[in-house]
Amino acid sequence: MPELPEVETTRRSLEPALLARRIDRVIVRDRRLRWPVPHELEARMTGAVIHSTSRRAKYLLIDTDRGHAIVHLGMSGSLRVVARDAAPRPHDHIDVLLDDGVVLRFHDPRRFGSWHWIEGDPSTHPLLAALAPEPLTAAFDAAYLHRVTRGRSAAIKQVLMNGNLVTGVGNIYASEALHLAAIHPRTKAQRVSLERCARLAHAVKETLARAIEAGGSTLRDYVDGHGNPGAAQQAHAVYERAGEACPRCGGIVKGFRQGQRSTYYCPGCQR
DNA sequence: CCTCCCCCCTGCGCGC
DNA sequence: TGCGCGCAGGGGGGAG
């Protein structure tokens, strides 16, 4: 389901319900996620006290006095807080029962999500160690983007979606950021100048920040931690808008397939 | 090392 | 109405 803005929105909406709560019990109904849920998860998490939540790329972290849960929502995952007597529905794979009667519930029909546990520094976890800088920090800037795109013949859109080069930008926001930066998605990454890298880095930040402000984007089955759909329902400029007029230049938005994913752009203003 | 392609999985909308 | 197909927000992994 989520790109970075949806994960961040989920994290923010869940955090008040989690802070200072002790974990009474963990129920795993289906361990068959992207990676099998570790068998020791229940024992490790039970009794832990949550002191914060955080996010790295599209991973949501639940930080406790005993270790960190590292949760990925994949394509269709969601985390919600529900009452203890709320009956589990299909695809509700994991429940974390808190000491005030609230349950943190992980739901993921496609099971592309994952749930790991690490004791010690979570940034050393194999899934997190090689990730690119956070896109909303100063470390992600024109110089960084220019440096990592040198010598790369892949299309700039593919590079935006490579988590070891740029994190948090998924299929929707890659198209949106390239539109905002007026760069054609098929441009070879190595041909994007420093000046255009500056525009693109800014566009990535702007696109993600706006989507976070809007409370998560318009995703067909996205809900925040309380089951509410993405608020403000921000309109995408190009994503899934083939045939419509570009809001900037009035050109007709086109869609095509790029590496098994759909890409949308405006041939009128993206070069 | 880089690029390309496949795959994991379920659900939904569409055309017939 | 039912069925088959294509597609959906991610990202690891292997072949070349």
| query | Which pairs with one or both residues in residues 136-150 of chain A pass salt bridge (Lys or Arg N to Asp or Glu O under 4.0 Å), sequence neighbours excluded? | reply |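 Every candidate salt bridge (Lys or Arg N to Asp or Glu O under 4.0 Å) pair involving residues 136-150 of chain A fails, so no pair, neighbours aside, qualifies.
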| 5'-most contact on DNA chain B: A:Gln260 or A:His91, nearest heavy atom basis? |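 Result of the comparison: A:Gln260.
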| query | In terms of the nearest nucleotide of DNA chain B, which residue is placed more toward the 5' end: A:Gly259 or A:Pro90? | reply |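 It is A:Gly259 whose nearest nucleotide is closer to the 5' end.
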Just the rounded figure in Å: distance from [atom2] of [N] to [atom1] of [X].
{"X": "A:Gln258", "N": "B:dC5", "atom1": "CD", "atom2": "P", "value": "11 Å"}
{"X": "A:Lys157", "N": "B:dC4", "atom1": "NZ", "atom2": "C1'", "value": "14 Å"}
{"X": "A:Ile172", "N": "C:dG10", "atom1": "CD1", "atom2": "C1'", "value": "12 Å"}
{"X": "A:Asp30", "N": "B:dC8", "atom1": "CG", "atom2": "P", "value": "17 Å"}
{"X": "A:Asp108", "N": "B:dC9", "atom1": "CG", "atom2": "C1'", "value": "9 Å"}
{"X": "A:Gln190", "N": "B:dC2", "atom1": "CD", "atom2": "P", "value": "12 Å"}
{"X": "A:His116", "N": "C:dG10", "atom1": "NE2", "atom2": "C1'", "value": "14 Å"}
{"X": "A:His107", "N": "B:dC9", "atom1": "NE2", "atom2": "C1'", "value": "13 Å"}

Sidechain N-carboxylate O distance under 4.0 Å for [X], [Y]:
{"X": "A:Arg31", "Y": "A:Glu42", "result": "yes"}
{"X": "A:Arg22", "Y": "A:Asp24", "result": "yes"}
{"X": "A:Arg29", "Y": "A:Asp92", "result": "no"}
{"X": "A:Lys58", "Y": "A:Glu3", "result": "no"}
{"X": "A:Arg44", "Y": "A:Glu119", "result": "yes"}

Close N/O contacts between protein and nucleotides 11-15 of chain C (under 3.5 Å):
unit_1 : atom_1 : unit_2  : atom_2 : d
C:dG11 : OP1    : A:His72 : NE2    : 2.4
C:dG11 : OP2    : A:Lys58 : NZ     : 3.2
C:dG12 : O4'    : A:Arg34 : NH2    : 2.6

| query | When you check the phosphate oxygens OP1 and OP2 of B:dG11, does a side-chain N or O of A:Arg110 lie under 4.0 Å from one of them? | reply |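 Answer is no, no contact under 4.0 Å.
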| query | OP1, OP2 of B:dT3 versus side-chain N and O of A:Ser153: anything below 4.0 Å? | reply |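 Answer is yes, contact under 4.0 Å.
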| task | Could you tell me whether the side chain of A:Arg111 has a donor or acceptor atom within less than 3.5 Å of a complementary atom in the base of B:dC9? | result |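 No, the side chain and the base share no sub-3.5 Å donor-acceptor pair.
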| task | Could you give the distance separating C:dC3 and B:dC9 at their P atoms, to the nearest angstrom? | result |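 My reading of the P atoms in B:dC9 and C:dC3 gives 23 Å.
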| message | Please pick, from B:dT10, C:dG10, B:dC2, the nucleotide with the shortest atom-to-atom distance to any side-chain atom of A:Glu3. | response |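 Per side-chain heavy atoms of A:Glu3, the pick is C:dG10.
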| request: Tell me what A:Gly163 touches on the nucleic acid: a base, only sugar-phosphate, or nothing, going by heavy atoms under 4.0 Å. | output: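 Answer is nothing: A:Gly163 stays at 4.0 Å or more from every strand.
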| Complementary nucleotide for C:dT1 - Watson-Crick or wobble, under 3.5 Å |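 C:dT1 is unpaired by these criteria.
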| task | Name the pairing partner of B:dC9, where a pair is Watson-Crick or G-U wobble with both distances under 3.5 Å, or state none. | result |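 Base-paired to nothing in any strand shown.
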| query | Which atoms form the tightest heavy-atom contact between A:Glu8 and A:Ile212, and what is the distance? | reply |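 Smallest interatomic distance, heavy atoms only, reads CG-CD1, 4.0 Å.
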| query | Do any N or O atoms from the side chain of A:Asp95 and from the backbone of A:Val28 form a donor-acceptor pair under 3.5 angstrom? | reply |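 Pair absent, no side-chain N/O of A:Asp95 close to backbone of A:Val28.
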